[in-house]
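Input: a single structure, listed below in structure tokens.
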Amino acid sequence: PVEVERPPPAHEVSLQGQWTLPTSGGRSPGPMFGSNPQFVLEVPRKTSAMIVLERADTGDKVGVVEPEENPDMAIGVSVVQASRDKDGAVCRKLVIENDKEIYAESDFYQMQEAMLFITLVPE
């Protein structure tokens with residue numbers, strides 16, 4: 001017999017933040033990666049997710065530097081293994097020790113949006 005299980009309803013979370021000169025750390029494994037804004041994703045079961053990073057300031061294109069002019073300004077998303085303190089609590093990821101800590105990365109080639117599809121599993 002075939003068993004069919006209904007998937008849980010879709011869940012959407014929207015977070016706001018900003019990158020400023022001091023918090024723009026670049027992509028991993030760069031030395032300033034740890035200064036990027038970071039968010040913790042915890043899932044109770046295996047979950048398919050779409051992670052989207054959008055720039056809100058590109059609507060009028062005023063003052064926007066295109067990637068062809070400065071490729072270091074392109075945005076992207078990295079999903080990395082969480083760092084934990086001595087008590088096991090999640091803390092800021094300062095350095096990528098090795099490639100195995102990077103679960104997935106989007107492309108870093110455009111200025112307006114970065115998108116990543118990933119399957120998350122509980123730790």
Side-chain angles (χ1 to χ4, degrees):
V2 175
E3 293 183 31
V4 177
E5 184 177 323
R6 180 172 291 201
H11 184 73
E12 181 179 322
V13 176
S14 179
L15 303 169
Q16 292 187 356
Q18 69 179 26
W19 277 255
T20 61
L21 195 53
T23 64
S24 297
R27 70 187 294 183
S28 64
M32 298 301 296
F33 173 78
S35 64
N36 283 310
Q38 300 179 17
F39 302 92
V40 175
L41 301 172
E42 292 183 285
V43 294
R45 63 186 163 278
K46 187 175 179 181
T47 303
S48 295
M50 178 175 66
I51 300 171
V52 179
L53 175 63
E54 296 177 308
R55 286 188 54 170
D57 64 348
T58 58
D60 61 8
K61 304 287 186 190
V62 174
V64 174
V65 178
E66 293 300 324
E68 300 81 37
E69 299 170 36
N70 186 351
D72 292 335
M73 297 293 288
I75 62 173
V77 174
S78 297
V79 177
V80 300
Q81 181 182 20
S83 290
R84 299 201 178 266
D85 65 16
K86 60 183 171 72
D87 298 320
V90 174
C91 60
R92 179 169 279 284
K93 184 77 161 182
L94 297 177
V95 177
I96 301 295
E97 299 289 339
N98 62 61
D99 289 345
K100 292 180 182 175
E101 293 181 320
I102 303 170
Y103 294 140
E105 285 189 306
S106 70
D107 290 326
F108 285 72
Y109 66 86
Q110 59 177 322
M111 299 291 295
Q112 293 79 19
E113 178 181 78
M115 186 179 304
L116 179 65
F117 293 94
I118 186 172
T119 300
L120 302 168
V121 294
E123 286 191 352

Is the shortest heavy-atom distance from the side chain of Gln38 to the side chain of Val40 under 4.5 Å? no

Should Val52 and Phe117 be counted in the same cluster of Ile, Leu, Val, Met, Phe, Trp and Tyr side chains packed under 4.5 Å apart? yes

Tell me whether Asp99 at atom CG has more than 12 heavy atoms from other residues, nucleotides or ligands lying less than 6.0 Å away. no

State which residues pass salt bridge (Lys or Arg N to Asp or Glu O under 4.0 Å) with Glu113; sequence neighbours excluded, sorted by chain then number. none

Work out which heavy atom in Val13 is nearest to a heavy atom in His11; give both atom names and the distance. CG2-NE2, 3.5 Å

Shortest non-hydrogen contact from Asp85 to Cys91? N-SG, 3.7 Å

Shared ILVMFWY cluster between Val77 and Ile75, side chains joined below 4.5 angstrom? yes

Checking the side chain of Asn98 only, and the main-chain atoms of Lys100 only, is there a donor and an acceptor separated by less than 3.5 Å? yes

Closest heavy-atom pair, Ala82 versus Val90, reported as atoms and distance to 0.1 Å, is CB-CG1, 4.1 Å

Those residues that, when tested against Glu54, pass salt bridge (Lys or Arg N to Asp or Glu O under 4.0 Å) (two or more places apart): none

Determine the minimum heavy-atom distance between Ser106 and Ala114, stating which atoms define it. OG-CB, 3.7 Å

Could you state the interatomic distance from CZ (Arg92) to CG (Asn36), rounded to the nearest 0.5 Å? 8.5 Å

Enter the distance from Leu53:CG to Phe39:CZ here, rounded to the nearest 0.5 Å. 9.0 Å

Same cluster (ILVMFWY, side-chain, under 4.5 Å), Val80 and Val43: no

Any Leu120 side-chain heavy atom under 4.5 Å of Lys46 side chain: no

If you round to the nearest 0.5 Å, how far is CE of Met50 from CD1 of Ile118? 13.5 Å

List the steps and the verdict of side chain to side chain contact (heavy atoms under 4.5 Å, CB included) for Ile51 and Leu41. CA-CA 11 Å; Ile51 300 171; Leu41 301 172; 3.8 Å; yes

